[in-house]
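Here's the structure we're looking at; comments come further down.
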Amino acid sequence: AVVSTQSTGHYYITNNLRMALPFLPGHSTNSNLGGENFRKPHAFDMRNGVPVFVGEEKAGIGGKALPGQKISPKSKIVPNGSGQPAPSWVVYDRQVLRFSAFFQEAVYEKREEKYRIRKCTILYYLEDDSIQVNEARQENSGIPQGTLIRRHRIPQPPPHDDSFYTVDSFNVGNSVTLYGRSFTITDCDVFTRNFLTKTGTKVPDAESTEPADPYFEHRKQQAATMQPHRPYEKCDTLKQFLENDRKVLRFYCIWDNSKEMFGDVRELVLHYFLADDTIEIREVIKANSGRDAAPKFLRRSKVPKEVGALHKPGEITERTVLNVFGPMGHGGRYILDSLKTGAVDKSFYTDADLTIGTKINVWGREVTVCDMDEFTAHHYQSKFNVSKATPIHYKQDEASKIEREIPPYNGWGSEEDSRANCLKLIAQAPKRDFIKFMKKDRQGLESHVLRYFARLDTNRPIDMDRTFIISFFLSDDTISVFEPEKRNSGIVHGKFIERSKITKPAGGHYQAEDLYVGAVVNFRSHQFVITDADEYALSYAENHQD
């Protein structure tokens, strides 16, 4: 370091606390005289296999410290082990030192307390020398608690703020200053004590007397002696919930409402929850019953055995309070009536009241229990030693199914389209056989259309000379009839029957095997005699004789 004096105007160089000659021409000496080591240290070093700049930590030429430089000792507490060296983040992975500490915080402008003792936990991560401070949450403390200092490397207080805290600074009884707060370490866990002992550090015993916060001690005494203005009766239902959670009894019931006008017998399913003695009822609604599909017949609740007039608000309470002294509110005294004198007695249905044949009153509706499932029967056998009784027949006999009668085809549109109007309320187009259509549709030279020549089977002279071409389409089994032009016949030629499926007189539609040379067919009350066929139809019939 360079030191100046105003009296003489001379400058001095201090090195290792020793004063040298004035730094003036003719009064300074060469510090390298008589030296033997003039090596210059390297500026890079290998740490965990990565080159790191360490020039600022190295000394000058010959190992001498530079002016104003502080060289930290290169001492290592943990000895080297045997084997290949590994990085610190691998060796100390998930290894954390845990210290119990406290710090004192001053409280200003408050009569009840002058200071606070805040207890916290210091976590030191060995893998990267990071530190985290957590404070345990206290009830009604009124101050933000939890993580006081997030995990990171914390620098030491000035004048050593150029270095970070290491494991050497933490031990039982030590005080560390983290960002202006002085933490006193009082204890550590077993792993931390064993780790520090293995490194050669003597760990003192835990401090038995930790300072207590006088304000919180005063609040604890007040809470211990404080009596509630409204006494509470303890009602512990946790055991019942833990033992019977997700255990539900199922009963099959009926509600006979046939005595009322337009009433009938309705099937119900009763669920009894053993966890809190509540009942839920759902109605079995059949298809096309004309009833709205309500989600629940009775929501989950306790069902009273006797249903009377509605009580006034506040008349039914879980506790009965007697002997009220003093004004209402602040300063009043209340006494809990353990005998519940004057309390409204309401009894609810339990699992002991539900058996086969029992009639229960569900808010004015008489519901009869007819049957139960296997789990419910096992519950009654194990708890009440009661075997399952004979179930009551409650399901109504289904009426004979009425066959749907399809009206006859009236000739308008296609028969399939007319049938769709009778099957559904909202008519839909009939679906075709798509696979058959793709296989039997026209493919190149394969037309998949069978053509026949026919004449009318009649004795009328005007119709005896008429000729027709019948086309049968294999893709959808439809038939079209075409009449070719015949000059001077006086009959309009063209389409005779539009392409559609044609029904046989005996029922069913005409298929490919019904059309052959010599066959007599009846198309829409017109009787045709097939006289000939084209080559494709004849070859198709020969190849598909089966």
Next on the checklist: Can you tell me how far apart CG (Asp245) and CD (Gln240) are? Round to the nearest 0.5 Å.
Outcome noted: 11.0 Å
Next on the checklist: Between Lys119 and Asp213, does the salt bridge (Lys or Arg N to Asp or Glu O under 4.0 Å) criterion hold? Intermediate values first, please.
Outcome noted: CA-CA 10 Å; Lys119 299 180 182 180; Asp213 193 337; over 6 Å; no
Checklist entry - Between Arg151 and Glu127, is there a side-chain N and carboxylate O pair less than 4.0 Å apart? => result yes
Checklist entry - More than 12 non-hydrogen atoms from neighbouring residues, nucleotides or ligands closer than 6.0 Å to CE on Met438, yes or no? => result no
Checklist entry - What are the two closest non-hydrogen atoms of Pro157 and Thr177, and how far apart are they? => result CD-O, 4.0 Å
Next on the checklist: Measuring from atom CZ of Phe170 to atom CG of Leu97, what distance do you get when rounded to the nearest 0.5 angstrom?
Outcome noted: 9.0 Å
Checklist entry - What is the minimum heavy-atom distance between Ile254 and Cys370, and which atoms define it? => result CG1-SG, 3.8 Å
Next on the checklist: Whether the Thr192 and Asp189 side chains hold a donor-acceptor pair (N or O, under 3.5 Å, no angle test) is what I'd like checked.
Outcome noted: yes
Next on the checklist: When you measure from the side chain of Arg193 to the backbone of Pro204, do you find a donor-acceptor pair of N or O atoms at a distance under 3.5 Å?
Outcome noted: yes
Checklist entry - Near Leu242 CG, under 6.0 Å, is it more than 12 heavy atoms from other residues, nucleotides or ligands? => result yes
Checklist entry - Is it true that atom NE2 of His218 has more than 12 heavy atoms of other residues, nucleotides or ligands lying nearer than 6.0 Å? => result no
Next on the checklist: Nearest 0.5 angstrom please: Asn174 CG to Phe183 CZ, how far?
Outcome noted: 14.5 Å
Item to check | Donor-acceptor pair between Asn194 and Thr197 side chains, under 3.5 angstrom | outcome: no
Next on the checklist: If you compare all heavy atoms of Ser182 against all heavy atoms of Phe103, which two are closest, and at what distance to 0.1 Å?
Outcome noted: O-CB, 3.2 Å
Checklist entry - Is there a donor-acceptor pair under 3.5 Å between the side chain of Thr376 and the backbone N or O of Arg250? => result yes
Next on the checklist: Donor-acceptor check, side chain of Tyr252 to backbone of Asp371, threshold 3.5 angstrom: yes or no?
Outcome noted: no
Next on the checklist: Using a strict threshold of under 4.0 Å (side-chain N to carboxylate O), is an ion pair present between Lys359 and Asp256?
Outcome noted: no
Item to check | Residue Gln443 excluded, over 12 heavy atoms near CD under 6.0 Å | outcome: yes
Checklist entry - Just wondering, more than 12 heavy atoms not from Lys110 lying within 6.0 Å of its NZ? => result yes
Checklist entry - Would you say the side-chain atoms of Arg137 pair up with the backbone N or O of Gln145, donor to acceptor, closer than 3.5 Å? => result yes
Checklist entry - Would one find more than 12 heavy atoms of other residues, nucleotides or ligands at under 6.0 Å from atom NZ of Lys305? => result yes
Next on the checklist: With a 4.0 Å cut-off on N to O distance, would you call Arg291 and Asp264 a salt bridge?
Outcome noted: yes
Next on the checklist: Looking at every heavy atom in both Cys253 and Val367, which two are closest together, and how far apart are they?
Outcome noted: CB-CG1, 3.4 Å
Item to check | Backbone N/O of Lys395 and side chain of His393: donor-acceptor pair under 3.5 Å | outcome: yes
Item to check | Flag if over 12 foreign heavy atoms under 6.0 Å of NZ, Lys346 | outcome: yes
Item to check | CD on Glu280 to CG on Leu270, rounded to 0.5 Å | outcome: 9.0 Å
Checklist entry - Applying salt bridge (charged side-chain N to carboxylate O under 4.0 Å, His left out), which residue pairs with at least one partner in residues 427-437 are found, sequence neighbours left out? => result Lys436-Asp477
Item to check | Arg153 atom CZ: more than 12 heavy-atom contacts under 6.0 Å | outcome: yes
Item to check | Euclidean distance, Tyr125 OH relative to Asp128 CG, rounded to 0.5 Å | outcome: 9.0 Å
Checklist entry - In Å, rounded to the nearest 0.5 Å, how long is the span from OG of Ser100 to CD1 of Ile185? => result 9.5 Å
Checklist entry - What are the two closest non-hydrogen atoms of Val172 and Thr186, and how far apart are they? => result CG1-O, 3.5 Å
Checklist entry - Between the side chain of Asp93 and the main-chain N/O of Val90, is any donor-acceptor distance below 3.5 Å? => result no
Checklist entry - Between Asn385 and Tyr380, is any side-chain donor less than 3.5 angstrom from a side-chain acceptor? => result no
